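Report on the following structure.
If you're wondering where the values come from, they're calculated on a predicted model, not measured in any experiment. Position 1 is the first residue of the sequence, and the numbers go up from there.
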Amino acid sequence: MSLQQPLKKLFFLHVFIIVLSNYAVQIPVTVAGIDTTWGTFTYPFIFLTTDLTVRIYGSHTARKVIFVAMIPALIISYIVGTIFAFGDFQGIGALGTFSVFVFRIAAASFSAYVVGQIADILVFQRLRRMRQWWPAPAASSIAGNALDTFVFYAIAFWQTTDAYMAANWIPLGIVDYCVKVIASLALFVPLYGIILNALARFVFKRPLSGINA
């Protein structure tokens with residue numbers, strides 16, 4: 001399955017965001033008294049990228065990008081996650097020892113990415129022809145993030161060797177989902193509108209409602 005330009009750029013963008021998020025999810029952060037991880041703020045970019053792909057190229061092409069990107073993202077995520085476990089550089093030698101913890105994160109990301117993105121595409125596809133541009137990215141983000149977050153936390157941290165994550169993955173997942181939804185609606189949906197408006201004006205030379213290919 002091959003991709004043509006500019007879809008290759010979307011492919012690399014998907015892989016980059018997934019790998020970055022799998023690294024960032026290992027690093028905890030507290031924002032306004034809420035315990036979460038940096039991955040909460042990087043992964044929603046995937047939904048932004050997917051929604052723009054569906055809007056411009058259609059759902060079939062968006063699914064094609066996802067399925068081409070998922071295996072390379074899984075492999076690179078494991079390599080990066082092992083070398084930089086828990087946010088600290090472990091050295092190349094760390095690859096000589098198989099890390100179940102890192103592999104579960106990579107496998108969880110792989111599963112969550114596929115499930116979440118397909119849900120995002122299905123919801124977005126149904127709503128993208130509405131006169132208003134915002135219901136499609138808003139609803140698809142809420143649905144996609146819900147499935148993505150549950151699948152990721154369940155596979156990555158249920159009965160994991162990390163005692164803290166094993167005991168707290170459900171509340172952490174709920175907080176993570178809430179923060180993702182808030183961030184998506186407050187930041188990523190408006191950003192989607194800005195980018196789509198720029199594409200309509202400077203690339204496609206037609207109104208937003210015309211970008212429904």
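Among all heavy-atom pairs drawn from Ala62 and Thr53, the shortest one is CA-CG2, 3.8 Å. Looking at every heavy atom in both residues, Val15 comes nearest to Ala73 through CG1-CA, 4.2 Å. Across all non-hydrogen atoms, the minimal contact from Ile155 to Arg104 is O-NH2, 2.7 Å. Scanning all heavy atoms of the two residues, the minimum distance from Ala139 to Leu127 falls at CB-CD1, 3.5 Å. For the pair Ala107 and Leu74, the tightest heavy-atom approach, listed with the atom from each and the gap, is N-CD1, 3.7 Å.
Inter-residue side-chain proximity for Phe152 and Tyr43 is flagged as unmet; no heavy-atom pair is nearer than 4.5 Å. Side chains of Trp133 and Asn197 form no contact here, defined as non-hydrogen atoms less than 4.5 Å apart. Between Ile18 and Ser109, some side-chain heavy-atom pair lies under the 4.5 Å cut-off. Side-chain atoms of Phe45 and His14, non-hydrogen and from C-beta on, never get closer than 4.5 Å to each other. Looking at Ile83 and Gln90, their side chains never come closer than 4.5 Å, going by heavy atoms from C-beta outward. Side-chain contact between Thr50 and Leu10 is absent, with no heavy atoms from C-beta onward closer than 4.5 Å.
Ser184 meets the side chain to side chain donor-acceptor pair (under 3.5 Å) test with Ser141; sequence neighbours excluded. For Phe110, there are no ring pair (Phe, Tyr, Trp, His ring centres under 6.0 Å) partners at least two apart in sequence or on another chain. Under the rule for a side chain to side chain donor-acceptor pair (under 3.5 Å), the partners of Tyr192 that lie at least two apart in sequence or sit in another chain are Arg55. Legend: residues meeting side chain to side chain donor-acceptor pair (under 3.5 Å) with Thr97, ordered by chain and number and at least two apart, are absent. Residues that satisfy the side chain to side chain donor-acceptor pair (under 3.5 Å) test with Thr42, not counting sequence neighbours, are Ser21.
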Note to self: Between Tyr164 and Leu172, is the side-chain contact (heavy atoms from CB on, under 4.5 Å) condition met? List the steps.
What the structure shows: CA-CA 10 Å; Tyr164 175 77; Leu172 285 174; 3.8 Å; yes

Check: Does the side-chain contact (heavy atoms from CB on, under 4.5 Å) test come out yes or no for Tyr153 and Ile170, once each step is laid out?
Finding: CA-CA 7 Å; Tyr153 274 84; Ile170 293 179; over 6 Å; no

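Leu196 and Phe124 end up in the same hydrophobic cluster when Ile, Leu, Val, Met, Phe, Trp and Tyr side chains are linked at under 4.5 Å. No single ILVMFWY cluster, assembled from side-chain heavy atoms under 4.5 Å apart, contains both Val151 and Val181. In terms of hydrophobic clustering, with Ile, Leu, Val, Met, Phe, Trp and Tyr side chains grouped at heavy-atom distances under 4.5 Å, Met70 and Leu147 are assigned to different clusters. Val115 and Trp158 are members of different hydrophobic clusters when ILVMFWY side chains are connected at heavy-atom separations under 4.5 Å. Note on Val189 and Ile194: separate hydrophobic clusters, where clusters join Ile, Leu, Val, Met, Phe, Trp and Tyr whose side-chain heavy atoms are under 4.5 Å apart, directly or indirectly.
At distances below 3.5 Å, at least one donor-acceptor pair connects side-chain atoms of Ser140 with backbone N or O atoms of Pro137.
The CD1 atom of Ile182 sits 11.0 Å away from the OG1 atom of Thr40 when rounded to the nearest 0.5 Å. Here Phe67 contributes atom CZ and Gln117 contributes atom CD; the two are 10.5 Å apart, rounded to the nearest 0.5 Å. Annotation: the span from Asp120 atom CG to Tyr113 atom OH amounts to 10.5 Å, rounded to 0.5 Å. Note that CD1 of Ile174 is 10.5 Å distant from CZ of Phe150, once rounded to the nearest 0.5 Å. Once rounded to the nearest 0.5 Å, the distance linking CG of Asp51 with CD1 of Ile46 reads 11.0 Å. Between atom OG1 of residue Thr49 and atom CD1 of residue Ile195 there is a gap of 8.0 Å, rounded to the nearest 0.5 Å.
Among residue pairs with one or both ends in residues 163-176, those qualifying as salt bridge (Lys or Arg N to Asp or Glu O under 4.0 Å) are Asp176-Lys180; sequence neighbours excluded.
By the 6.0 Å contact criterion, CZ on Phe41 is enclosed, its count of non-hydrogen atoms from other residues, nucleotides or ligands being greater than 12.
Side-chain rings of Phe47 and Phe188 stay apart, their centers remaining 6.0 Å or farther from each other.
Side chains of Tyr177 and Asp148: a donor-acceptor N/O pair is absent below 3.5 angstrom, by distance only.
In this structure, Phe98 and Phe103 have tilted ring planes: the angle between them lies in the 30° to 60° band.
Applying the side chain to side chain contact (heavy atoms under 4.5 Å, CB included) test between Arg63 and each of Val54, Ile121, Val68 identifies Ile121 as the sole match.
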